[in-house]
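First comes the structure, then the notes that go with it.
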Protein chains: 2
Amino acid sequence: MTLRLIDRGRPAITRHQVYVTLREAITTAHLVPGRRLSENELARQLGVSRTPIREALALLREERLVAIVPQLGTFVTRVSPAAVADAAFVREALECSAVRLAAERIDAAALGELQANLAAQEQADAAAFDGLDDDLHRTLCEAGGHPIAWSLAHRANGHLDRIRRLSLPDPEYLREMVDEHHDVVAAVARRDADAAERALRHHLRMVPSLLGALRERHPDYFEQEEAA
Amino acid sequence: MTLRLIDRGRPAITRHQVYVTLREAITTAHLVPGRRLSENELARQLGVSRTPIREALALLREERLVAIVPQLGTFVTRVSPAAVADAAFVREALECSAVRLAAERIDAAALGELQANLAAQEQADAAAFDGLDDDLHRTLCEAGGHPIAWSLAHRANGHLDRIRRLSLPDPEYLREMVDEHHDVVAAVARRDADAAERALRHHLRMVPSLLGALRERHPDYFEQEEAA
DNA sequence: CATTGAGTACTAGTATGCAAGCCGCGCTCG
DNA sequence: CGAGCGCGGCTTGCATACTAGTACTCAATG
């Protein structure tokens, strides 16, 4: 009889919970861009010590969601077109490569998962769509045989997540996203790597295109470039 | 294995120095794969407290150069073909995308930098080549307008760095690498994005091909897959 | 002799204390 | 009245103390 290995390496739960909590707060702009964070204050509010707070903030810094300035403070980064473009570039590069592989080697099980996800998206509201979108892209990356692609893309992705979440309430935009998801999965299903890559690339370029509207609604969220 | 005390110059860089020291030790296999690390022991050897050690190890875990198991220990990860393939995939995706952009928009200054680098490589020994190689790839990514590509690729890259460094003493292999660098830069110089991508892709696939020889020389560095 | 159980010596995770440095308010001096 | 300077309160970085939990040693026991 064979027993499955037990997965250790998650019992460090406090740090992870703090990370999830803060990331959620930032990508929903509950913690507004530009806001100053204090490790001490966060520790008080969350009921933990500074140590797990610091470790969570270090991860968020890697995602460019916070900027830590020694002896000065920690700040929620503002939305910057450059950072969004960087994130979009990374995601395009990684996911498009992954989806090409996925189109070549996806199996029936994964394909079924994708289609179930699409069906769920049809009836999802904005909040539910959020999770389903993540799942779909993750499944696509895993189907390509390199789950690390999603892990990295997701990590480089804080800025895009924030844009997306702040823009999602728009139902027309949501409709478009779901349609594009269908296009990608359809191309993968018929093993057409070129079409899948094209569809995904087009899909991923939607998010940066939301910047204009968001800036109109929340100009204070944006980094102000030096006026000449 | 003895690590030298780190120089505590300016504040707020202790963590970084620890990180650089440990990464160097791991990618050169000075700290051999599979070795168990103790935060306390490292703190003693480097003359700092556990805090910066922990923060450096957290970064190295992101690069999958160490594995941290709570209440058990921290270990230098062994070489695994899967991890190497993952790293190669990420680097290919990111750098090939970047080099396409570079071929379109590179300016004379960056091109000059690339060519100066190539000239230096012609006369470099293995140790010097190491740094020049990093510089060349970084410059290529920056020329594409997304420096973050290199920052991410480099970070996903610990496993490849280790393979490369352990294999570099082979002069024939070094010669090949330099030639391939020439091919990539030449394609970029004549604004041929397709050729540049092809050349770079071919170049990046060299590293994983070294796995076989390395396994012969250092089978103990490798993760042993379940023997039947 | 084999097995089991307690005890010990470690581990990383978390909490807390201390040091160095920046910002701004308010006082002092010109 | 205005400008310069010093002090207090804040920040993060680093060091240390404590907790919870694992693996190993070795003796007691069947």
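Only heavy atoms go into these numbers, but all of them, side chains included; no hydrogens, no water, no symmetry mates. Throughout, protein chains are lettered first and strands after them, A, B, ... in sequence-line order, and every chain is numbered starting at 1. Quick caveat: nothing in here was measured; it's all calculated off a predicted structure.
Taking atom CG on N40(B) and atom C1' on dA9(C), their separation rounds to 12 Å, with Å as the unit. For the pair E39(B) CD and dT16(D) P, the interatomic distance rounds to 15 Å; values are reported in whole Å. Rounded to an integer number of Å, the gap from CD of Q17(B) to P of dG13(D) is 15 Å. In this entry the distance linking CG of L42(A) with P of dT11(D) reads 10 Å, nearest Å. The nearest whole Å value for the distance from the CG atom in L46(A) to the P atom in dT14(C) is 13 Å. E41(A) places its CD atom 15 Å from the C1' atom of dG9(D), with the value rounded to the nearest Å. Between the CD1 atom of I53(A) and the P atom of dC14(D) there is a distance of 18 Å, given to the nearest Å. Residue R44(B) contributes atom CZ, which lies 9 Å from atom P of dC10(C) at whole-angstrom precision.
A salt bridge links E24(A) to R165(A): at least one charged side-chain nitrogen sits closer than 4.0 Å to a carboxylate oxygen. Classification of E95(B) and R205(B) as a salt-bridged pair fails, no side-chain N sitting under 4.0 Å from a carboxylate O.
Residues F222(A) and R215(A) come closest through the heavy atom pair CE1-CA, 3.3 Å.
Relative orientation of the H16(A) and Y19(A) rings is tilted, given thresholds of 30° and 60° on the angle between their planes. Between H181(A) and F129(A), the ring planes lie parallel to each other; the angle is under 30°, not in the 30° to 60° tilted range.
In this model, the phosphate group of dT16(D) is not approached by any side-chain N or O of S49(B) to a distance below 4.0 Å at OP1 or OP2. The side chain of T51(B) contributes no N or O atom lying less than 4.0 Å from OP1 or OP2 of dA15(D). Taking side-chain N and O atoms only, R15(B) has a distance below 4.0 Å to OP1 or OP2 of dG13(D). Under 4.0 angstrom from either OP1 or OP2 of dT14(C) there lies no side-chain N or O belonging to R50(A).
With hydrogens and angles ignored, a donor-acceptor pair closer than 3.5 Å exists between the side chain of Q71(A) and the base of dT12(D).
Contacts of L37(B) with the nucleic acid, taken as non-hydrogen atoms under 4.0 Å apart, involve only primed sugar atoms and P, OP1 or OP2.
Residues L57(B) and P52(A) both approach DNA chain C. Their nearest nucleotides, taken by heavy-atom distance, put L57(B) toward the 5′ side. Ranked by how close their nearest DNA chain C nucleotide is to the 5' end, L72(A) and V48(A) are led by V48(A).
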